[in-house]
Protein chains: 2
Amino acid sequence: MKLTELKAIQLAELFSALSDASRVRIIALLLEGEMGVGSLAEKLNMTESAVSHQLRGLRQMHLVRARKIGRRVFYSLDDDHVARLFSLGLDHIQHG
Amino acid sequence: MKLTELKAIQLAELFSALSDASRVRIIALLLEGEMGVGSLAEKLNMTESAVSHQLRGLRQMHLVRARKIGRRVFYSLDDDHVARLFSLGLDHIQHG
DNA sequence: TGAATAGTTGAGCAAGTGTTCATATATTAG
DNA sequence: CTAATATATGAACACTTGCTCAACTATTCA
């Protein structure tokens, strides 16, 4: 494996985006479909501010995308890599 | 996706293990085969101490395993999940 | 228009992380 | 035995991160 320093940094940033339990739980909820910030906050028992801060990071890493309708913003997973990373990660921690 | 808080934490810990460029580069080198701490340090241009500290975390997450021969310790990837997470991550950052 | 609602943003701070440096352990050589 | 080699470890410190709180924007409702 030959890996440029740039790609090492980008890979680390990608995994960083999934390296927090709150963000993991956000992803898990979005696996079921799109959801607004308030609903996420309620289900996660977090403030909307905290959720919004986390969504910002996920957006910047292109893991989620936002769709604005009126004053609501619905978030959903950006592409299927996210779900696959998620399920591969689950495999790893479940097995042994 | 129903996800217990425990599993969310464990997933986050797994991705945390890959959330640093030094560790990503260690993994990339180990994809080619096992390697000692000194060789890793040389190729990564890091001190042996820093590499050893990082390897400890990777060991604890079961991403690498150690094989001791004399006073040398050879590290290798623990299972294939690591390589798959790595290549899936590369897909994500490369595509767009 | 003004009040309420949904979400975003920046500052501030406590907690966590990665490195360096010094020291410690384990193994081998002489 | 002592000295050298390979790695591990703990403390310290700078840097980063995720939260709260307050203020802000944008939109809808009355």
Side-chain angles (χ1 to χ4, degrees), chain A residues 3 5 8-30 33-76 78, chain B residues 3 5 8-30 33-76 78:
Chain A
L3 191 72
E5 177 63 11
I9 291 171
Q10 290 176 330
L11 262 182
E13 283 172 348
L14 168 62
F15 290 120
S16 291
L18 300 170
S19 72
D20 171 78
S22 297
R23 287 191 296 273
V24 164
R25 292 168 74 217
I26 288 173
I27 299 289
L29 284 172
L30 294 183
E34 73 176 7
M35 202 174 293
V37 178
S39 311
L40 285 168
E42 192 186 1
K43 298 213 183 203
L44 296 169
N45 215 31
M46 291 170 63
T47 66
E48 294 188 4
S49 175
V51 172
S52 184
H53 275 296
Q54 298 294 20
L55 285 168
R56 187 187 205 195
L58 291 172
R59 231 186 303 129
Q60 282 170 347
M61 288 311 298
H62 302 105
L63 297 185
V64 304
R65 67 159 47 109
R67 182 168 74 98
K68 188 164 183 180
I69 297 184
R71 58 191 153 189
R72 308 209 49 197
V73 179
F74 293 95
Y75 281 87
S76 56
D78 191 302
Chain B
L3 190 72
E5 177 63 11
I9 291 171
Q10 290 176 331
L11 263 181
E13 284 172 348
L14 168 62
F15 290 121
S16 292
L18 299 169
S19 72
D20 171 79
S22 297
R23 288 192 294 274
V24 165
R25 293 169 73 217
I26 288 173
I27 299 290
L29 285 172
L30 295 184
E34 73 176 7
M35 202 174 294
V37 178
S39 311
L40 285 167
E42 191 186 1
K43 297 212 182 202
L44 296 168
N45 215 30
M46 292 171 65
T47 67
E48 295 186 2
S49 176
V51 172
S52 183
H53 276 297
Q54 297 294 20
L55 286 168
R56 188 187 203 195
L58 292 172
R59 230 186 304 130
Q60 282 170 348
M61 288 311 298
H62 302 105
L63 297 186
V64 305
R65 66 159 48 108
R67 181 168 74 97
K68 188 167 184 180
I69 298 185
R71 59 192 150 189
R72 308 210 49 196
V73 179
F74 293 95
Y75 281 86
S76 56
D78 190 304

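Throughout, a chain's letter reflects where its sequence line sits, starting with A, and its residues are numbered from 1. In what follows, every heavy atom counts, from backbone to side chain, and hydrogens, waters and symmetry copies are set aside.
A 4.0 Å heavy-atom criterion places the boundary nucleotides of DNA chain C facing chain A at dA4(C) to dG10(C), written 5' to 3'.
Shown for residues 50-59 of chain B: residues whose heavy atoms fall under 4.0 angstrom of DNA chain C, namely A50(B), H53(B), Q54(B). Against DNA chain C, the stretch residues 37-45 of chain B makes no heavy-atom approach under 4.0 Å.
Applying side-chain hydrogen bond (donor to acceptor under 3.5 Å, both in side chains) to Y75(A) and the options R65(A), R59(A), R67(A) leaves one that passes, R59(A).
Rounding to the nearest 0.5 angstrom, the gap separating the CG atom in D20(B) from the CD1 atom in I27(B) is 11.0 Å. Atom CG in L11(A) sits 10.5 Å away from atom OG in S16(A) (nearest 0.5 Å). Rounding to the nearest 0.5 angstrom, the gap separating the CG atom in L63(B) from the CD1 atom in I26(B) is 11.0 Å.
Not one side-chain nitrogen or oxygen of R72(A) sits closer than 4.0 Å to the OP1 or OP2 atom of dT27(D). Between Y75(B) and dA8(D), a side-chain N or O to OP1/OP2 separation shorter than 4.0 Å is present.
Mapping R71(A) and S49(A) onto DNA chain C by nearest heavy atom places R71(A) closer to the 5' end of the strand.
No side-chain donor-acceptor contact under 3.5 Å links S76(A) to the backbone of G33(A).
The minimum heavy-atom distance linking L55(A) with V64(A) is given by the pair O-CG2, 4.1 Å. Nearest approach of R72(B) to G36(B), heavy atoms of both residues: NH2-CA, 3.8 Å. Taking all atoms of both residues into account, the shortest heavy-atom contact from R23(A) to L18(A) is NE-N, 4.5 Å. Taking all atoms of both residues into account, the shortest heavy-atom contact from A21(B) to A12(A) is N-CB, 3.4 Å. Smallest separation of non-hydrogen atoms from M61(B) and Q10(B): CE-O, 4.4 Å.
Side-chain atoms of S22(A) and base atoms of dC19(D) include no donor and acceptor less than 3.5 Å apart.
You'll find the side chain of V24(B) stays beyond 4.5 Å of the side chain of I9(A), heavy atoms only.
Rounded to an integer number of Å, the gap from CZ of F74(B) to C1' of dA6(D) is 10 Å. To the nearest angstrom, P of dA22(D) lies 16 Å from CD of E48(A). In this structure, CZ of R67(A) is placed 16 Å from P of dT27(D), rounded to the nearest angstrom. Rounded to an integer number of Å, the gap from NZ of K68(B) to C1' of dT5(D) is 12 Å.
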